Amino acid sequence: MLHVYTGNGKGKTTAAVGLAVRAYGAGLRVAFFQFLKNGSSSEIGVLRSLPGMIVEACECCDKFVFRMNDDEKAAVRARHDKELSAAIELVRSGKVDMLIMDELIGALNMKLIDEEKALLLNKLAKNCEIVLTGRDPDERFKTAADYISEINSVRHPYEKGISARKGIEY
């Protein structure tokens, strides 16, 4: 089944992490891949501490994309494509029951991942629970999705000038 967590609100990654923990607790084999993020957010350490949980992040994503030069973007795209290939192989080989692709939609929208390969996830969802997060998903993901959860922002402290807080936003 294909799950899509989208919208402009806070909580898409948090929902995906919660589902990963639930699945892991039920004995499912889980892989959690992050795109556009370097793996330094608080939840990644917890996921990495779970025996058998596969966790990958893009260590070279150490700044926002709009601050990257062309060489940095090329390095990020290469890393993302490598992560995507590894994730697809995990599903094809039957080594995972759930694959979470956090911010894959954002990476796709910014052209920082192979589009054709990313769209293979729609077909692979017949054999595995696949979770995609990010704003503005491609219509082809929305059409293929079995679940779509939209998280909307009604109010956020950022609007008052409050910066992201460790343990809350990251």
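Predicted model, so just to flag it, every value in this text is computed and none were measured. Residues: numbered from 1 along the sequence shown.
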Which value, rounded to the nearest 0.5 Å, describes the distance between Ser49 atom OG and Ile44 atom CD1?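 Here the rounded value is 11.0 Å.
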What do you reckon, is NZ of Lys123 surrounded by more than 12 foreign heavy atoms closer than 6.0 Å?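 Result for NZ/Lys123: open.
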If you count heavy atoms of other groups shown closer than 6.0 angstrom to CZ of Arg22, is the number above 12?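 No.
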Min side-chain heavy-atom separation [X]-[Y] under 4.5 Å:
X      : Y      : answer
Val46  : Glu43  : no
His3   : Leu19  : yes
Leu121 : Ile88  : yes
Val21  : Phe32  : no
Val30  : Val96  : no
Asn69  : Lys73  : no
Arg135 : Asn109 : no
Leu120 : Leu84  : no

Show which side-chain atoms of residues 97-104 pair as donor or acceptor with protein atoms under 3.5 Å away, not counting sequence neighbours.
residue	atom	partner	partner atom	Å
Asp97	OD1	Arg29	NH2	3.0
Asp97	OD2	Arg29	N	2.8
Asp97	OD2	Arg29	NE	3.1
Asp102	OD1	Thr13	OG1	2.7
Asp102	OD1	Thr133	OG1	2.6
Asp102	OD2	Thr13	OG1	3.1
Asp102	OD2	Gln34	NE2	2.9
Asp102	OD2	Lys37	NZ	3.0

Using distance only, find each side-chain donor-acceptor pair of residues 111-119 under 3.5 Å and give its atom names and separation, not counting sequence neighbours.
residue	atom	partner	partner atom	Å
Asp114	OD1	Glu116	N	3.2
Asp114	OD1	Lys117	N	2.7
Glu115	OE2	Arg140	NH2	2.4
Lys117	NZ	Ser85	OG	2.8

For residues [X] and [Y], report the shortest heavy-atom separation together with the two atoms involved.
X      : Y      : result
Ser42  : Tyr170 : OG-O, 3.1 Å
Ala125 : Ile130 : N-CD1, 3.7 Å
Ala31  : Leu90  : CB-CD1, 3.9 Å
Leu36  : Ala107 : CD1-N, 3.4 Å

Tell me which donor-acceptor pairs under 3.5 Å the side chains of residues 142-158 have, and how far apart each pair is, sequence neighbours excluded?
residue	atom	partner	partner atom	Å
Thr143	OG1	Glu139	O	3.0
Asp146	OD2	Leu2	N	2.8
His156	ND1	Tyr158	N	3.0

May I ask whether Leu124 and Val131 are part of the same hydrophobic cluster, defined by side-chain heavy atoms of I, L, V, M, F, W, Y residues being less than 4.5 angstrom apart, directly or through others?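 Not linked; separate clusters.
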According to the ring-ring contact (aromatic ring centres under 6.0 Å, His included) rule, which pairs have a member within residues 46-82, sequence neighbours left out?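 The answer is Phe35-His80, Phe64-Phe66.
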So, using side-chain hydrogen bond (donor to acceptor under 3.5 Å, both in side chains) as the criterion, who are the partners of Lys10 when residues are at least two apart?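 Once residues adjacent in sequence are excluded, Lys10 has no partner under the side-chain hydrogen bond (donor to acceptor under 3.5 Å, both in side chains) criterion.
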Pair up each side-chain donor or acceptor in residues 51-59 with any protein partner under 3.5 Å, not counting sequence neighbours, and list the distances.
residue	atom	partner	partner atom	Å
Glu56	OE1	Arg79	NH2	3.3
Glu59	OE1	Arg79	NH1	3.2
Glu59	OE1	Arg79	NH2	3.1

Pair Lys63 + Glu72, salt bridge at N-O below 4.0 Å: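 Salt bridge flag = yes for Glu72 with Lys63.
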